[in-house]
Amino acid sequence: MTESGKPVKAARYGMAIDIDRCTGCGACMVACAVENNIPPAHEGVTDRKGITWIRVYKVDNGAADAGRRSAFVPVLCQHCGKDTPCVHVCPQQAVDVDPSTGVVGEIPTRCLGCRYCVAACPYHARYFNWWDPAWPAGMEKTMNPDVAPRMRGVVEKCNFCHGRWHEARQRAAADGKPVTEPVAYLPACAEACPTRAITFGDLNDPANAASVAAHGAGSFRLLEKLDTDPKIHYISKRDWVRAIADAPRPGNGKESTRG
Amino acid sequence: MTTTRRNLFKLAGGAAVGAMFTPAPWRLITDAALLSETWPGVPKPKRGEVSFQFGNCGLCPAGCAVRARSIGGQPVSLAGVAGHPLSHGALCAFGVAGHHLPYHPGRLKSGPAAQAAAAVRAALGQLRDTEHCAVLDLRPGRTASWTYRRAMASLHNGIYLTPEAPVVVNLSAARTVLSLGAGLYDNWGTPGNVIAAREQFRLFQAEPVESRTAVMADVWLPIRPASEDALALGIAHLLLAEKAVAGLPAGFIDRVKEFPPAVAAERTGIAEAQIAALAGELREHAPSLVIDEAGSPYATALNVILGAPGHTLVTRREAPVPDAWKNAASAADLAAVRDGSIRVLLIDESAPGDACPWNEIQPKLADHAAVVTFACSEEGYGRHANFVLPTAVYPEIVDDIPPAVDSPAAAFRLSAALMPPPDGMTNPADFIGALVGIDPKNALQDRAEAIRKSGRGSLFVPSTACSTPTKDVKPADFWKLLQAGATWIDDIDPRAAAPKLEIPALPVETRAAAFPLVVAATEAGTPAVGSPLLSKIYQESGLRLAPAGVAMHPSDARASGLEAGSRARFETASGSVAVSVTLDAAIPRGVVEIGGGPGIRNLCGARTSARVVRS
C-alpha cells in the first residue's frame, strides 16, 4: 500500500539473457561499474576479490580440441523471489526483497560485513569490499551522483540499477503518472549490450518483451532445482549450454571453498 | 563517609558496567558505522546540472556515435545512439568508459615540446638532397592527415607514410564470409555494423584458438597454427578445378597445384570433406568474402576467384576536401623508401589505428635521425623515439574520425570535446603545420564546408534520429550540427569501379627457429590506453587477456621454464615487451596468445612468430 492508501500494482522486474547473442565483449560489466560507482581494482586483486556486479563467464562443452565449443554467460544477482537465501542469513536485515518491484536490495549502511550472504548465495553474485573504494586521481569526478559509493567492509551486489529506477519514478511522477504503477527503465548493462542480448522488463506484464522472451523456447534459469524463483532467465538453442543451469558456478564448475 | 581512592575506583567501575546496560554503547557503534561510511577514503560524487551531449567515439576508426551524460559539465557516462546508420546503437567496452581516459595513471602529462621543435628544425636545416622528412600517420583519412600531406608536399623531400590500407569491405552485401583469423568481434570494424550485418551472412572462422569471433561463428575451423594460407590454397584448388579465372598470376596457379585438398587437409588439420564443403558454400552462397587482416596474397587471390571485387570488396570515395588542399602529398610506400634516408620522422599515434612494425621503420632511419612521436603514453613508438610529446585524448579534443574498413561510404563525424585538455599538451597537426607555416586551426570547418558544397550524401542528426540530404541542410546549420554529433554519410557511387586487387609477390614460407610460437593477437585491435575500469574484464574476471599478458599451452610454458604468473619477455623480430604468463590448456601447442595494449601492434604485425622467455 502507498501512503495514500492506494494498492501498489506490484512489478516483478527481471531479465531474459540470450546466451547465443552474447559475444563476451564485457561492455555490460564496464557499463555496470560506471553506473554504480564500482572502483577499478586494487593492484593484486584477482577474480576472487574483484567486484563485478555482473560477470561474464566463458563456458564450454567440455570437449577437447576440434570438438570444443564455448559460450559466454553473464551472471548477476538472480533476484530470487522465493526463500531468498541471502535474506534469510543476514543478521542485520541489510538485505530485503522489495515487494513492489521484486528487486533484492542490499543496504550497505546496515551491513556489518559478516559475509554470511556471500556464502549463502548459490550464484556467487555477491561481492565484499576488501578495500576502501579508490579511483585514480581525478577520476572520482566521473562518479555517478545518483549512486552512493560503498565503504570498505560491506557486501554489495546488483540492484537492477536502483538509481535509474528512482529517476524513472521521478520522471513518471513529473509526467503525472500514478506512483503506484510500475515504471519502464533500463539498467546500464541492458542499455550497453551491443547485441541486445539482455532484455529487461516487468515479468508480471505478459506483453513485456522480457516476459515474452523469458517464457519462450529455449529459456531456462540457473539452479532451478533450488526453487528460489530467480528472475534472470537465460535463453539458448544449444542443449549443452542449457545444461550449465545445474552447474554450481559457470566457468569452472567448481564450488568456491576459500570464501 | 570519607571519599577514598578505593571508593572513587568503585564509582568509576560501577558507572562503566552500568553504562553497558544503557543505549550509549549501541549508539556508539552506530555512530562509528556512520563515521566509517563517510570515511575520508570514500569519495563523494558531486551533484550538478544534468545535461546530454552527442558526439562520436574517437578511440578507434569505428567512430561509434555516443550520447554523453554530464553532471555539472563533467561527463559521467557514455551510451550508444540508437538508430545510427553506421554504429546501430552499439558501443564496445572501451567506448562505454571512454570518458575515463583523461584520468589514466599511465597518461603522459608533460613533454619536451620546445626541445623537440628545436631538434626537428635543426635537422630540417641540415637535410641533404638524399634525405627525407617523413610523417607516419597511424590513422589516415582525417583532416589532420591532410595537414600532414600538405606539409610534406611543401617540404623539400617530405614523405607521408601510413600503414597499409585494407580494401574496404561491404559486409551487408555478403552472404558467406570466411575469416582467416580476423577478429570480426574484436575491434576489426564497426561493432554495431558487424552485429547488424551478421544476420545476413554465414561466418566461417578459421583460426587455431577459439577467439570471441570463433565462438560467435556459425562454423569454427580450428586449423593448425600458421596454416591459413594452406586453407586458402586448398579452397582455391577446388574452385579453380571447376571454373578457370583469368588474371591470376602464373606463380599463384603453380602454387595452387601443389595444394590439392588432401595436402591442404594435412597442413591445416581440417578434414578434406570439410574443406570441400567450405569451398562449396563460398561458391554456392555468393556473394562471398574472405577476410584476412594479414593481407595474405592467397586470400587476395581467393577473393578474386570468388568475384568479391565490386560486390563485397568495394572502392570508397574520400570525403571532399577544399580545392586548395589537392596538391597534397600522396601516401608513400615505406618499403620503397631508401634505407638510411629518413632524417626526421614524426609519428602521430595520438589517434589509435593500425601500426607499422618498428623493424620495418628502423632500417629507413638515417644516423642521428630525429624521431618525434605524439602520443598519450610512452609505451608505443615512444620506446624508440628521441622525443615523446603528450597529446590530448578522447574526449578532450575535437577531431574527425575517418570511416572504418567496413564502411562502404565515406563519412565525416567529429569526436566532441566533452572536457578541456590539461595544459602542456601538443597538437600534432599544429606542430607539423608550423614547420611549413600551415595553420590548421580552421581545417575541420573548411573541410565541412567543402563537403556541404559538394551536395553529396546526407546528414544524420542523433538528437532527432533523422537523416537529411546534405543539399537540404541550411549552410549555417551544417557545421553546427556536425559539432553537435551529427554524421555526414556519403552516397555510394554507383559508377565506382571495382577495386583492383593487386596480388603481391607470393611470400616465401619462413619461420625463424628463434621464434617458434605463432602469435594469436586476438586483442591487438584494442585501443592503446583504456579506462582503469577495464580491470573488470582484464583483472577481476579474466574475461579478456590483459594488456601485456600472454596465454600459452602448459607444455610450451614448461619448455621455456615458465609457469602460471611468471614474469617473462615476449620477443618478436620487431622487439620485445614485458608480459605475465597465463597457462591455458585450450590454446594449441605452438601458439601464444597476447593481449592488446600499447605497442603490441607495432611489435606483432600480422602472422608473426615469437618466443616467450623468462625475464
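A note on names: the letters A, B, ... follow the listed sequences, proteins ahead of strands, and every chain is numbered from 1.
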Just do the side-chain contact (heavy atoms from CB on, under 4.5 Å) check on B:Val215 and A:Arg69 with the steps written out, would you? CA-CA 7 Å; B:Val215 170; A:Arg69 292 295 178 271; over 6 Å; no
According to side-chain contact (heavy atoms from CB on, under 4.5 Å), who are the partners of A:Pro136, at least two apart in sequence or on a separate chain? A:Pro40, A:Met139, B:Pro105, B:Pro532
Atom OG1 in A:Thr142, atom CE in B:Met419: separation rounded to 0.5 Å? 8.0 Å
Between B:Arg198 and chain A, with a heavy-atom cut-off of 4.5 Å, which part of the residue counts as in contact: side chain, backbone, both or neither? neither
Are side-chain heavy atoms of A:Pro149 and B:Pro45 found at a separation under 4.5 Å? yes
Sort out for me which of A:Ala134, A:Ala192, A:Pro39, A:Ala148 touches chain B most, counting heavy-atom pairs under 4.5 Å. A:Pro39
Count the heavy atoms of every other residue, nucleotide or ligand shown that sit under 6.0 Å from CD of B:Glu266, and state whether that count exceeds 12. no
Going by an N to O cut-off under 4.0 Å, is there a salt bridge joining A:Arg196 and B:Glu199? no
Under the 3.5 angstrom rule, does the side chain of B:Gln539 hit a backbone N or O of A:Val45 as a donor-acceptor pair? yes
Quick check: closest heavy atoms across A:Gly24 and B:Arg544, and the distance to 0.1 Å? O-NE, 4.3 Å
Rounded distance [0.5 Å steps], CH2 in A:Trp135 versus NE2 in B:His100: 9.5 Å
Please state whether the side chain, the backbone, both or neither of A:Ile38 comes within less than 4.5 Å of a heavy atom of chain B. both
Donor-acceptor under 3.5 Å (A:Lys141 side chain, B:Lys46 main chain): no
Picking from A:Ala71, A:Ala33, A:Gly153, A:Cys193, which has the most non-hydrogen pairs under 4.5 angstrom with chain B? A:Ala33
Counting heavy-atom pairs under 4.5 angstrom with chain B, the leader among A:Leu112, A:Asn37, A:Asn144 is A:Asn144
Side chain from CB out, backbone as N, CA, C, O: work out which of these in B:Pro222 comes under 4.5 Å of a heavy atom of chain A, or both, or neither. side chain
Has the side chain of A:Arg68 got a donor or acceptor atom that lies under 3.5 Å from a matching backbone atom of B:Ala586? no
Do B:Glu210 and A:Ser70 meet the criterion of a side-chain donor-acceptor pair at a distance under 3.5 Å? yes
Among A:Gly26, A:Gly50, A:Ala41, which residue forms the greatest number of heavy-atom pairs with chain B at distances under 4.5 Å? A:Ala41
Interatomic spacing from CG in B:Leu543 to CE in A:Met29 - rounded to 0.5 Å: 6.0 Å
Within residues 156-166 of chain A, contacts to chain B at heavy-atom distances under 4.5 Å involve none
So for atom OH, which belongs to A:Tyr116, do other residues, nucleotides or ligands contribute more than 12 heavy atoms lying within a distance under 6.0 Å? no
Around atom CG of B:Asp423, are there more than 12 heavy atoms of other residues, nucleotides or ligands at under 6.0 Å? no
So for B:Leu91, is it side chain, backbone, both, or neither that comes closer than 4.5 Å to the heavy atoms of chain A? backbone
So how far is it from B:Ser77 OG to A:Asp146 CG, rounded to the nearest 0.5 Å? 9.5 Å
Tell me, side chain or backbone of A:Cys22 under 4.5 Å from chain B's heavy atoms, or both, or neither? backbone
Check this for me: B:Arg589, atom CZ, are more than 12 non-hydrogen atoms of other residues, nucleotides or ligands nearer than 6.0 Å? no
Is there a side-chain contact (heavy atoms from CB on, under 4.5 Å) between A:Glu140 and B:Tyr103 once you walk through the steps? CA-CA 9 Å; A:Glu140 70 281 352; B:Tyr103 309 106; over 6 Å; no
Output for pair (A:Cys25 SG, B:Ile537 CD1), nearest 0.5 Å, gives 8.0 Å
Among A:Asp20, A:Val30, A:Thr23, A:Thr52, who wins on heavy-atom pairs under 4.5 Å with chain B? A:Thr23
When heavy-atom pairs shorter than 4.5 Å are enumerated against chain B, which of A:Val147, A:Val56, A:Val154 gives the highest number? A:Val56
With a 3.5 Å distance limit and no angle check, can you tell me whether A:Arg55 reaches the backbone of B:Glu540 through a side-chain donor-acceptor pair? yes
Could you have a look at B:Ala585, B:Gly542, B:Ser541, B:Ala82 and say which one has the most heavy-atom pairs with chain A under 4.5 angstrom? B:Ser541
Based on non-hydrogen pairs under 4.5 Å, which of B:Val76, B:Thr213, B:Leu78 is most in contact with chain A? B:Val76
